[in-house]
Number of protein chains: 2
Amino acid sequence: MNETNRVYLYDTTLRDGAQTSGVDFGVADKIAIARELDALGIDYVEGGWPGANPTDDAFFAAPPALARATFTAFGMTRRPGRSAANDGGLAALLNSGAPAVCIVGKSWDFHVDVALGISRTENLELIRDSVAAIVARGREALFDAEHFFDGYRRNPEFALSCVQAAHEAGARWIVLCDTNGGTLPHEIERIVAEVARSIPGGRLGIHCHNDTENAVANSLAAVRAGARMIQGTLNGLGERCGNANLVSLLPTLMLKLGYETGVARADLKRLVHVSRMLDERMNRAPNRHAPYVGESAFAHKGGLHVSAVEKDPACYEHIDPDLVGNRRHILVSDQAGRSNVLARLREVGLEVDPGDGRIGQLVEAVKRREYEGYAYDGAEASFELLARRALGQVPDFFRLVSFRVLDERRWNARNELVTLSEATVKVEVPPFAQVGTAPGQPVMTVAEGNGPVNALDQALRKALRDVYPQLEGMRLVDYKVRILTPNDGTKAVTRVMIETQDRSGDRWSTVGVSANIIDASFNALFDSITYCLYRSGAGREAHAPAA
Amino acid sequence: MNETNRVYLYDTTLRDGAQTSGVDFGVADKIAIARELDALGIDYVEGGWPGANPTDDAFFAAPPALARATFTAFGMTRRPGRSAANDGGLAALLNSGAPAVCIVGKSWDFHVDVALGISRTENLELIRDSVAAIVARGREALFDAEHFFDGYRRNPEFALSCVQAAHEAGARWIVLCDTNGGTLPHEIERIVAEVARSIPGGRLGIHCHNDTENAVANSLAAVRAGARMIQGTLNGLGERCGNANLVSLLPTLMLKLGYETGVARADLKRLVHVSRMLDERMNRAPNRHAPYVGESAFAHKGGLHVSAVEKDPACYEHIDPDLVGNRRHILVSDQAGRSNVLARLREVGLEVDPGDGRIGQLVEAVKRREYEGYAYDGAEASFELLARRALGQVPDFFRLVSFRVLDERRWNARNELVTLSEATVKVEVPPFAQVGTAPGQPVMTVAEGNGPVNALDQALRKALRDVYPQLEGMRLVDYKVRILTPNDGTKAVTRVMIETQDRSGDRWSTVGVSANIIDASFNALFDSITYCLYRSGAGREAHAPAA
């Protein structure tokens, strides 16, 4: 049994995580992710499999300089019928320059018989030779025992002999892998404890997959049984149902179980950032419901909860969200009562008298719009505008008279494919003769764009830039479309969510709904520009409504 | 300790699940979901909170007829300072007609002191009176002990006294709730075992939340300690990080741990269907990585895995996917080698000679298109077309000459907002003078639509319907857009995924990529129509290419 309190974290996002369907990291992605893992304090960063594909070759040829993490190459034990010295795969690992090498080998007799088709004795030699070759080159050796738990259940002696071979050959870490992800926590705990009788827990690691939704619990069970390394990925990325999620494991280990890791307590606040960074690299929407780091992880919706949370957050929160860099959210929704809306208003910095009659109108407006298909949960800027408009705080910065978008695809005379998107916009801008009623100056512009929404965006900004130079530098960073098809037979509507970023890097999200995708996009764009102008303080005196 | 092997499942998708941000079930949704839960064999279906909102009132006023499941109403213990007989909330529960009533009450002293602000003795009376009132009306009573684990850790005597009060008052089930979701599996197991010394395990239930990603493991730990009811939701739906996922728990309990539930072994095959049905009701894309039921749960990507799986599926699969109604997938991706592509071709029914030179070209085509932004993981029909085109099996059913889409928003003379989407399409249809080169008959059509893509779809089908009457009844059921912004500075591209359904209910997914959203939509639409025609056998003789 292991006495120490230190648990080592080994990240395989760049190798096992890269096996996920739809994921394809480039070299730039790998460098950026490795640096973030290092800055967080992860002990080992597995970079990939040198020799397996051009991306990994390029990455290992010029690896990122890591301050604390041990950069690790992944590969296989030597091939049967070849000496370790003459094995091309092993040579690629040793020549990669990585200070640590993790090799995977068989420990389930069935796989040795069926997949490899070699004798069990030869399998032990493969493991022993390969580990010894790594150690002989002065590298830290890790051994990933593939299918260890499946193998141990069927033939514990053989499975144990495989990991003992690696241990005796000098592997620093023996990592027990639940490759197919079918093992349950109580089995993991029992088996790891049994293995720890032969191999010290301080040398044992665990590698779990989430096929029964137990990868995190399995990793914790192994640590309870003495293992001191956890292999996993950011956000639980990985083939099939994913790997053990280091983002969920880290705060549990540190905040709830009192283990030490390579991550400093203060750096745990980087967790939300690191998790979202990975999604950004993959161009995926973050999982709002992710434990600890999700946008909804500390969100409160039901009226009962909200009023209790307002009294004392410990009532309904298992940790302080600030510890992991997250924050409390009070959700606005159809189920919202007055207390939710009031709490949400406070969150955006609006102190309102609870007796204000306009609050009731705002609650009704939120309900009506959510019924129409608006969703304010993920469009904070649109909610803030809705609220501030209800309170008479948002001036008309401009008014749309009309727009027209033309989109064309044809072959020209030289038989080249030509696509064209052109938008014509007519707006009124200040000074308005009389706020709220009389027309302002008419401006008409036309612009081309990379698609109709981009053309519309360009034309609109061209129309506004003389009056509002602060729109310079604002750009769309995400655009999402969802078709909502209600079951009651009414026609489908389109919901567009836009995320915009300004020059300083601030981001905000807006929402637009319409039966027409261009119209829905315009609505989200309108809110986005209005929010940018409102925040910049534009027209606060000149065009503020009388109310 | 409980001797029996039967675990009861209690679904709270319609109540706790409805608390999820972005979820808003209507009455029709609730009826449909309740029926699916009943058909699956879930023991208790919690319908909602009668008296809390108009939807739940309407649902309980005309509840669905359930064949096996016990329909259950949820509510609170009576209010302080009021008798159970005079409590409006309790009356609404008892008048709802539901044969079982589950009430939630406090068991954490901190909450009694801070949130309720009553004496601890009075809290016990609240519980006792409320449970007794339910039993007196001949209903099955369940008691949800809110924050039980947080409460037990601080003040075990008080927490125990609360659940004992409910037990003594006649509650059939005492459900221990980890309301804030912060408790870990080993703590759950210890505490449930301690409680089981006072209250028989056969009366104990567990209700977990996923805030540490352990809701499933926590539920299993409670069952190991003797609890015999699990409360959870479909797909782990629920506030913050969700509730315990019954979809993951069911196969683990039945296939791995040998427990009996209300679900027949044969009905376990409905699991994928039930899980996807919920997503459909919520208009959400299913989680591809969901344990057991996700589309990727039995997907194989890495070349090493794929060749081993082909030898023997048990090598890399923890259960037979057929047992839960799922199936094996061989993924095509940038990492794909020949073996993946060959396996995938077999999956779509294409038997190809591995030595066929066109396979190499197809692998290259897949890699090139994925580099451009195409994703075939979720667009099976487009992959099949790509492959069949490479093999010369797909004729040109029609050829686009040009299209033009006009989208307008303006105010008319009567100051009404007018939006218009109009598409003009020019295509050539058979008979083509000479396949592959010479022009066919030109057809030019114009149509309006509910948005530009719909207009384009209408115009295209109008142009094709005389030649291809089988397109009648085909309709778009989902449309998803993603903006891909590569990091290498090249311009952003738009990826559109379209799901189409024909009259018989068959569905297929296609993908289109372009810098322009309308153009990308056209590409996906083109594949969708082509796939429909190919499957219907249209033009197989007349227009097949010479090759």
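Since the structure is predicted, the reported quantities are computational estimates derived from the model, not experimental observations. To find a chain, count down the sequence lines: A is the first, B the second, and so on, and within it residues start at 1.
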- Taking C-beta and beyond as the side chain, do B:Pro452 and A:Ile517 meet within less than 4.5 Å on heavy atoms? yes
- Message: Among B:Glu408, B:His186, B:Arg409, which residue has the highest count of heavy-atom pairs closer than 4.5 Å to chain A?
- Response: B:Arg409
- Mind ranking B:Leu220, B:Asp178, B:Val401, B:Thr419 by heavy-atom pairs under 4.5 Å with chain A and telling me who comes out on top? B:Val401
- Heavy-atom distances under 4.5 Å only: say whether A:His147 touches chain B with side chain, backbone, both or neither. side chain
- Hey, which of B:Asn245, B:Val496, B:Thr55 has the most heavy atom pairs under 4.5 Å with chain A? B:Asn245
- Side chains of A:His289 and B:Thr20: does their closest heavy-atom pair fall under 4.5 Å? yes
- Interface moiety of A:Asp211 toward chain B, non-hydrogen atoms closer than 4.5 Å: both
- Message: Test of understanding: with salt bridge (charged side-chain N to carboxylate O under 4.0 Å, His left out), list the residues that count as partners of B:Asp16, not counting sequence neighbours.
- Response: none
- Query: Checking B:Phe110 against chain A: side chain, backbone, both or neither under 4.5 Å from a heavy atom?
  - Reply: side chain
- Item | Which of A:Gly451, A:Gly182, A:Pro291, A:Ser402 touches chain B most, by non-hydrogen pairs under 4.5 Å | A:Pro291
- Message: Is any side-chain heavy atom of B:Arg404 closer than 4.5 Å to one of A:Asp407?
- Response: no
- Message: With chain A as the partner, which of B:Thr252, B:Leu257, B:Leu184 has the greatest number of non-hydrogen pairs under 4.5 Å?
- Response: B:Leu184
- Verify the distance criterion only: is there a donor paired with an acceptor across the side chains of B:Asn516 and A:Asn450 at less than 3.5 Å? no
- Task: Name the member of B:His111, B:Glu422, B:Arg410, B:Lys426 that forms the most heavy-atom pairs with chain A at distances under 4.5 Å.
- Result: B:His111
- Note on the structure: When every non-hydrogen atom of A:Ser248 is compared with those of B:Glu213, the smallest separation belongs to OG-OE1, 2.5 Å
- Message: As an exercise: rank A:Gly294, A:Ala297, A:Gly181 by heavy-atom pairs under 4.5 Å with chain B and give me the winner.
- Response: A:Ala297
- Item | Nearest-0.5 Å distance that lies between atom CG in A:Leu253 and atom OG1 in B:Thr212 | 11.0 Å
- Would you mind telling me which of A:Val418, A:Thr183, A:Asn214 has the largest number of heavy-atom pairs within less than 4.5 Å of chain B? A:Asn214
- Task: For each of B:Val114, B:Asn210, B:Val216, tally heavy-atom pairs with chain A at distances under 4.5 Å, and name the one with the top tally.
- Result: B:Val216
- Query: Is there a side-chain contact between A:Glu317 and B:Asn180 (heavy atoms, below 4.5 Å)?
  - Reply: no
- For chain B, find which of A:Leu400, A:Ile319, A:Asn454, A:Leu456 contributes the most heavy-atom pairs closer than 4.5 angstrom. A:Leu400
- Message: Under 4.5 Å from any heavy atom of chain A, what part of B:Ala290 do you find: side chain, backbone, both or neither?
- Response: backbone
